[in-house]
2 protein chains.
Amino acid sequence: MGVNLKDIAQRAGVSLATVSNVVNGYRPVGERTRQRVQQAIDELGYSPNLGARHLRRGRTGLIALAVPELTNPYFAELAEIAIAEAAGLGYTLVMENTAADRETELALLAGSRRHIIDGLILSPVRIGREEVLARTSGGPLVLIGEGVHDVPHDHIAIDNVAASQAAIQHLVEIGRRRIAFIGAAGGDRQSAHLRMRGYRDALASYSLPFRSELVARTDEFSRLEGMRTMRDLLALDDPPDAVFAYNDLIAIGAFRALAEAGCRVPEDVAVVGIDDIEEGRFSSPTLTTIAPDKEEIGRLAVRRLVARIEGTEVAAPLTVQTPFRLVRRESTGTPGG
Amino acid sequence: MGVNLKDIAQRAGVSLATVSNVVNGYRPVGERTRQRVQQAIDELGYSPNLGARHLRRGRTGLIALAVPELTNPYFAELAEIAIAEAAGLGYTLVMENTAADRETELALLAGSRRHIIDGLILSPVRIGREEVLARTSGGPLVLIGEGVHDVPHDHIAIDNVAASQAAIQHLVEIGRRRIAFIGAAGGDRQSAHLRMRGYRDALASYSLPFRSELVARTDEFSRLEGMRTMRDLLALDDPPDAVFAYNDLIAIGAFRALAEAGCRVPEDVAVVGIDDIEEGRFSSPTLTTIAPDKEEIGRLAVRRLVARIEGTEVAAPLTVQTPFRLVRRESTGTPGG
DNA sequence: GCGCGGCTCTATAACGTTATACAGGCGATG
DNA sequence: CATCGCCTGTATAACGTTATAGAGCCGCGC
C-alpha cells in the first residue's frame, strides 16, 4: 500500500516534482531521467494516491448517476453503458439511488455529495424546473430523461410527445380504437404529463375520442402498478382493445393481469410500452415498445458532464433529443399478421 | 466549495483543532466553546471535505460492490439493499461491473481501486481459490455468492447444493422424472459445479438416472442462453418433462423457447429457477424459484466489510450460509393443482 | 510558595500530491 | 561578449483535515 512519490524519487535519484511530471506529464522531462523514473515506478509498483491527488486538484475523479430505481432494468442497462463510458474517460461512476424520493433528489441537487463527486447526472422525477433553477452550487449537472426543461444545464432526453404519438399511431394502424393509457401523472411527474400529451394529441389527430375512464393513474411505474391498473381497466363495461403503457415495466405488469383474466394478447388487447428493456424481448408475448437509444443517452450524458468538469466545454447548455424507434413484437401482432 | 475548518475557527474565535474536535469528538471540548463552534458551523453551512479527511485518516468512506452484471436483476436488487445498508453506516457504496471478465476481477482483487475504496464486496465468477489466496494487499474483502471457498475472508452464500436439491425434490414431488439442468459449468465457474452437484445428488437420492443429454452447458447465464439451450432440449427424441435452471434469467429464457414451441408450462414441462427476481413474479407463467434471502446477504456483506475496515471485527473470517426457501408459482403448478 | 495533576484549548506536523517560483546550463541572438 | 530565452530539473507552498505534543490555567497538598 505504501509506495509513494517520495519512494520513487529516492530510488531514481530525482526530486518529487520530476516524478510527478513523469506520471502526469504536466511539464516535459528529459528522456534519460524519464526512463530512470519509469523504471523505478515499475520496480516498486507505484500507483498514485488518488485521495491526495484529488485533494490537491480539487477534483475526485468520481461522477454520480442518480436514478429513481436501480432495479428498473432501463436504468440498469443505462448504468452499464455510462459506467463503461466513464471508465474510458478516466472517471469512476457512482450509482445513487434516489428511490424517487423528493428529499433525496433535492439533497443531491444541493450538493450533498459535493466533496465526493465532481459532477452529477440526474434523472429527476419528483422535482421540477424551479428546484433546479434554485440550485446555486454543487458542480456540473447533466439532466437525463424527462421532467425538467428550460434550465441552464445540459439535458438529454427523447421527445416524449413524439414517442407517445408513434406508439398510438402504431396501435391505430393495426386497427385499435379504444386505446387506454397507463401511467398518467401522479401529480408532479412531468414525464408522465408529456407522454399523456402525446397520447391525447395522437388520439385527436386520428379523430378518436379521449375517454378519461381509459386513463389510469399510477403512483409508481412498476410491474405491480401495471398489473393493478390493468385489472381495473378490464373491469370496465367496455374495456380497451389496446394499452399504451408509460414504460415497459407497467406493460409487463399489464400482461400479467391480462393473462390472469384470460385475455389474449394481441388479439383481445394489444400492448405497447416504452424503454425496450431486455425483459420485453423474452416475455410471453414479446413486447412491442418504443426503444430509446440508450447507448447514445448514456454515453452523451457522461461525455457532456466530463467536458463541463474539465472546462473544455464552455458553450451554452445543450438540450439533446436522442432518437427512438418503434420495435414491433408479438404484443401488437407480428408484421403482416 | 469554500467553507472549511479555518473559516469556522475564525468565526468562532477558536483554533482549527477545536473545531475538528467538535466535529468528530476525538477529544472533549468545553460546553461553551462547543456551542459557539456549532453555531458557526450552522451559520456557514460547513461540511467536511471528505477527500482531505480521508487522506489524513487513510480511509475514503467508499466501499465497492463488484458484480458480474448490473443488468442481472438479482444483483440490482442486492445492490439496492447494500447501498441502503452502507448509507446507514456512513459509507457510500460504489458499484463495479466486472462484466464476468477474469482480468477485471483480478485487477479488482489486486487492489486497482485501493486508493479509492476502503474495502470490496466481490461476487467472483471467473477466479477461484488460488487467485484469492495469492492476493497480498488491497484492503478488506468480503466474498458473496458461490465460487470460492476456504479462503481467509468473510464469505456469504447460500448452500447451493442444498438449494439445488430442494428444487429437484419439488419437481420429483409433483411427479416429474426427466429433469433437465440448464447452466452447467462452462469450465471454471464453481457455482455452476455446486448446483450441478446438487442436481446429481438429488437425482441419485430419488433413484433417477443421470442423463448427460439432459444437461445443458451455457457460456453465460442469460435469458438468451436459456432460450437457446431450451430449444436444444426440446429437439431431443425424448425431451424433458421438467427443467431446473441455474438462475431465473435462464428459466425465463427457457419460457420463451417453450412458448415458441407451443409447449405448455407446467403441464408439458415444469420449470424451476434460482434467485427470486421480481420479473419471475410477473412472467407468464409465474416462475417457481429458490429464493435466497437477499436482504440478509446484502446487509450482512456490508456489515462484515465495515466491521473489518473499522477494525472492530478481528475474529477469524466467517463463512455464513444464508437461508433460502422454495417459492411455488405457476411454472410448477399451483399448490394442490 | 512551589510543584503537580487534571482540564481545555492551541500550535503544528503530518497525509501524498500538484503547481508555482526559481536556479543552473547552454545555445542563439544582438 | 553580454543578454536573452529555452530547457531541465529542484525546492516548496499549498490543498483541508486529524493526531500529537504541549501551553496555560486552576485548585490542591506538601
Side-chain angles (χ1 to χ4, degrees), chain A residues 1-38 40-41 44-62 90 111 113-118 139 310-311, chain B residues 1-38 40-41 44-62 90 111 113-118 139 310-311:
Chain A
M1 286 301 302
V3 41
N4 56 15
L5 273 192
K6 193 159 60 176
D7 299 334
I8 305 295
Q10 279 177 1
R11 176 100 168 199
V14 296
S15 76
L16 270 181
T18 301
V19 181
S20 174
N21 284 329
V22 169
V23 171
N24 58 71
Y26 172 67
R27 297 224 335 217
V29 175
E31 189 49 34
R32 262 172 48 88
T33 32
R34 140 163 282 120
Q35 282 179 6
R36 271 219 318 285
V37 170
Q38 190 57 54
I41 289 177
L44 270 59
Y46 166 76
S47 76
N49 180 319
L50 298 175
R53 163 178 291 178
H54 295 137
L55 167 61
R56 186 58 236 245
R57 283 195 180 152
R59 294 204 227 120
T60 66
L62 261 50
R113 287 264 188 269
R114 69 172 167 274
H115 290 305
I116 290 192
I117 60 169
D118 295 336
E310 298 182 347
Chain B
M1 288 299 304
V3 40
N4 56 15
L5 273 193
K6 193 159 60 177
D7 299 334
I8 305 294
Q10 278 177 359
R11 175 104 169 195
V14 297
S15 76
L16 271 180
T18 301
V19 181
S20 175
N21 284 329
V22 169
V23 172
N24 58 70
Y26 171 66
R27 297 225 336 217
V29 175
E31 189 49 33
R32 262 172 48 87
T33 33
R34 140 163 282 121
Q35 281 179 4
R36 270 217 319 284
V37 170
Q38 190 58 53
I41 289 177
L44 271 59
Y46 166 77
S47 75
N49 180 318
L50 298 176
R53 162 178 290 178
H54 295 137
L55 167 60
R56 187 57 235 250
R57 283 192 179 156
R59 292 203 230 123
T60 66
L62 263 51
R113 288 264 188 269
R114 70 171 167 275
H115 290 305
I116 289 192
I117 60 168
D118 295 336
E310 299 182 345

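We name chains A, B, ... by the order of the sequence lines, and we start the count at 1 in each one. This one's a predicted model, so the numbers in the text were calculated from it and none came from an experiment.
With the nearest nucleotide of DNA chain D identified for both Leu16(A) and Arg34(A), Arg34(A) has the one nearer the 5' end. Position along DNA chain C of the nearest nucleotide to Arg57(B) versus Asn21(A) favours Arg57(B) as the more 5'-ward residue. Both Asn24(A) and Thr33(B) sit near DNA chain C, but only Thr33(B) has its closest nucleotide nearer the 5' end.
Distances from the side chain of Asn4(A) to the nucleotides dG16(D), dT18(D), dG16(C) place dG16(C) closest. Listed candidates were dA11(D), dT17(D), dT10(C). Nearest to the side chain of Leu5(B) is dT17(D). In the set dT18(D), dT10(C), dT17(D), dT17(D) carries the atom at the smallest distance from any side-chain atom of Asn49(B). Comparing dT10(D), dA11(C), dT17(D) by their nearest atom to the side chain of Ala52(B) picks out dT17(D).
On a pure distance criterion of 3.5 Å, no polar donor-acceptor pair joins the side chain of Arg56(A) and the base of dT17(C).
Taking atom CZ of residue Arg36(A) and atom P of nucleotide dT8(D), one finds them 15 Å apart after rounding to whole Å. Here the P atom of nucleotide dT17(C) and the OH atom of Tyr46(A) are 3 Å apart, to the nearest Å. What separates CZ of Arg59(B) from P of dT18(D) is a distance of 12 Å, to the nearest Å. As a whole-Å value, the separation of His115(A) NE2 from dT17(D) C1' is 11 Å. Rounded to an integer number of Å, the gap from CG of Leu55(A) to C1' of dC15(C) is 9 Å. Atoms CZ (Arg32(B)) and P (dT8(C)) sit 13 Å apart, rounded to a whole Å. If you measure from atom CD1 of Ile8(B) to atom C1' of dT17(D), you get 14 Å, rounded to the nearest angstrom. The CZ-C1' distance, from Arg53(A) to dA19(C), rounds to 14 Å in whole Å.
Here CG of Asn4(A) is found 8.0 Å from CG of Leu16(A). Values are rounded to the nearest 0.5 Å.
For the pair His115(A) (side chain) and Ser47(B) (backbone), a donor-acceptor distance under 3.5 Å is present. A donor-acceptor pair under 3.5 Å links the side-chain atoms of Thr60(A) to the main chain of Ile116(A), judged by distance alone.
In this model, the phosphate group of dT18(D) is approached by a side-chain N or O of Ser20(B) to a distance below 4.0 Å at OP1 or OP2. Here Tyr26(B) does not reach the OP1 or OP2 of dT17(D): none of its side-chain N or O atoms lies under 4.0 Å away. Close to dA11(C), at under 4.0 Å from its OP1 or OP2, lies no side-chain N or O of Ser15(B).
Among the protein residues, Pro28(B) comes within range of no part of the nucleic acid, since none of its heavy atoms lies under 4.0 Å from any strand.
Among residues two or more places apart in sequence or in another chain, the side-chain hydrogen bond (donor to acceptor under 3.5 Å, both in side chains) test is passed with Arg53(A) by none.
Between Thr33(B) and the options Val19(B), Asn21(B), Val14(B), a side-chain contact (heavy atoms from CB on, under 4.5 Å) holds for only Val14(B).
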